Amino acid sequence: MGYQSRMRNYKSRRERYEQSTRNIRIIFIFAIIALVVFLFKERYEIWGWLKTYFY
């Protein structure tokens with residue numbers, strides 16, 4: 001078996017930053033989608049709750 005460098009999987013600071021920001025964006029997008037689905041599902045309860053405070 002030949003020599004293997006320990007640096008073969010090295011990622012620069014910029015590459016790690018880009019990967020982490022991409023992951024954060026993906027998590028944020030899925031959280032927004034889940035929130036929209038939840039709000040749509042509970043829209044009548046939320047509307048009733050709002051009526052108790054503003055009507």
Side-chain angles (χ1 to χ4, degrees):
M1 191 161 139
Y3 171 76
Q4 291 185 347
S5 171
R6 292 178 188 224
M7 301 290 281
R8 72 174 171 217
N9 291 328
Y10 175 78
K11 291 185 179 179
S12 68
R13 181 182 285 177
R14 177 180 290 176
E15 289 171 329
R16 284 181 294 171
Y17 176 74
E18 288 173 356
Q19 184 68 30
S20 64
T21 53
R22 180 178 176 269
N23 289 340
I24 290 170
R25 270 198 320 256
I26 290 172
I27 291 169
F28 185 70
I29 288 170
F30 277 104
I32 293 295
I33 291 170
L35 181 64
V36 167
V37 169
F38 175 76
L39 290 175
F40 183 75
K41 199 174 136 186
E42 301 290 326
R43 66 189 181 271
Y44 295 114
E45 281 190 38
I46 294 170
W47 186 248
W49 178 78
L50 287 172
K51 281 183 178 181
T52 61
Y53 288 105
F54 295 111
Y55 279 56

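Source: prediction; values computed, not measured.
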Would you say L39 ends up clustered with F54 if hydrophobic residues are merged whenever their side chains have heavy atoms under 4.5 Å apart, either directly or through other cluster members?
yes
Side-chain heavy atoms under 4.5 angstrom apart, residues restricted to Ile, Leu, Val, Met, Phe, Trp, Tyr: same cluster for W49 and L35?
yes
Is any side-chain heavy atom of W47 closer than 4.5 Å to a side-chain heavy atom of R43?
no
Is it the case that over 12 heavy atoms from other parts of the model lie below 6.0 angstrom from the CZ atom of R22?
no
Hey, could you give me the OG1/CD1 distance between T21 and I26, rounded to the nearest 0.5 Å?
9.5 Å
Main chain of S12, side chain of E15: is a donor-acceptor contact present, judged purely on distance under 3.5 Å?
yes
Taking all non-hydrogen atoms of both residues into account, name the closest pair between R16 and K11 and its distance.
NE-O, 3.7 Å
